Protein chains: 2
Amino acid sequence: MTAAARDLIHAMGYAQTTLADIARAADVPLGNVYYYYKTKDALAQAVIDTRAEEFKQLTQELDRLSDPRARIEGYLSMLVLDSEAIARHGCPIGGLCTELNKSDSPLAKPANALLRSQLDWLTRQFQQMGKAEEAAELALQLLMQLQGASVLTQAFKDATLFTRQVANSKLWLQTLT
Amino acid sequence: MTAAARDLIHAMGYAQTTLADIARAADVPLGNVYYYYKTKDALAQAVIDTRAEEFKQLTQELDRLSDPRARIEGYLSMLVLDSEAIARHGCPIGGLCTELNKSDSPLAKPANALLRSQLDWLTRQFQQMGKAEEAAELALQLLMQLQGASVLTQAFKDATLFTRQVANSKLWLQTLT
DNA sequence: GTCTATACGGCGATAGAC
DNA sequence: GTCTATCGCCGTATAGAC
């Protein structure tokens, strides 16, 4: 059920996604939702937890690579796989943060933490590339480009825009000595 | 009234902003809203038109500068003035596009056109800088960085993040021969 | 644990007095 | 043109049968 909720929230936004939508997509009766989650917010929190877990799994895979640069490239390659979904619905995490940070929902903080953890992981990779001093700034630059590319990719409905930006970012990554 | 609607939609998002909110902020009775706008969507369209008009006014001012590079710098300087608002509510245009492109509202197209017109104006400036061939790509790069900076600035609630990115963009602008 | 029916509140939209 | 009252619908949440 959290999987259905995750996909619907990505596609329609949190406020626009109704519990009836989720129940239908998960093929359970509406009333049943409340047996597993006390409130809609509680379900959204579970979705955020799922997103956090997914990213943790991804980084655990990537961290097995010995070269930090290769790890970042792997991360970028994973993102490209979702470029069509990004063209349709934007970045699932960036979009969620953008929405939840309006009219301060209690969910804003955990959602923001998803972006923060991506920033932190990227920072660690740049540190291990010997960029101790500029690591935080480089991570910020990269994440910013990805988020900006997501916004424009969605608005202009052009998935190639995202893939081209990722290609640019990979080239940029190579220029870092 | 469109001014109140514009500000509230920026602060809370379109779906979350009720006509009662707008009526209260504009200090008119709720029923009165419908004398001026047939539907909520019609009011939102007026807000989008207002945004388009504001950008047109801005570019008319900037276009009086003879140097295209100075025009872009002026544009960036205007954005910095809103960095606090961006930290609280994100980019008013990017956020609107992000929201409206989910669950295809008829308002998505006009909202996307706001971003498109910024891209087109920037492209023209780069063309006049003698970058005919790469102008579209450069405009895309710049707009992408601004949108990405807006997303992260809002999520991390750090206005200096936006001002720093704009400073970086100005430096980058100088490097273009 | 699973499902149906429904309470309750809020929002877009309308009717109609003034 | 301006304002009040209210309709109808939908969404969250709950009650309670099975």
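None of the values given here were measured: they were computed from a predicted structure. A, B, ... follow the sequence lines: proteins, then strands. Residue 1 opens every chain.
Looking at B:Gln16, its side chain never comes within 3.5 Å of a backbone N or O of A:Ser103 through a donor-acceptor pair.
A 6.0 Å sphere centred on NZ of B:Lys157 holds more than 12 heavy atoms belonging to other residues, nucleotides or ligands.
Between B:Arg71 and B:Glu61, none of the side-chain N atoms (NZ, or NE/NH1/NH2) sits under 4.0 Å from a carboxylate O, so this pair counts as no salt bridge.
Within residues 9-19 of chain B, no residue has any heavy atom closer than 4.0 Å to DNA chain D.
Using modelled atom types and a 3.5 Å distance limit, the side chains of A:Gln165 and A:Ser169 yield a donor-acceptor pair. At a cut-off of 3.5 Å, with distance as the only test, a side-chain donor of B:Asp158 or B:Thr160 sits close to an acceptor on the other residue. With no hydrogens or angles considered, no side-chain donor-acceptor pair links B:Glu54 and B:Thr50 at under 3.5 Å. B:Lys170 and B:Ser77 form a side-chain donor-acceptor contact under 3.5 Å, judged by distance and modelled atom types alone.
Using cut-offs of 30° and 60° for the angle between ring planes, the A:Trp121 and A:Tyr75 rings count as tilted.
Here the C1' atom of nucleotide D:dG11 and the CG atom of A:Leu8 are 15 Å apart, to the nearest Å. As rounded to whole Å, 18 Å separates atom P of D:dA13 from atom OH of A:Tyr36.
Using a 4.0 Å cutoff to heavy atoms of chain B, the contacted part of DNA chain C runs 5' to 3' from C:dC11 to C:dT14.
Each of B:Lys38 and A:Val28 has a nearest nucleotide on DNA chain C; the 5'-most of these lies closest to A:Val28.
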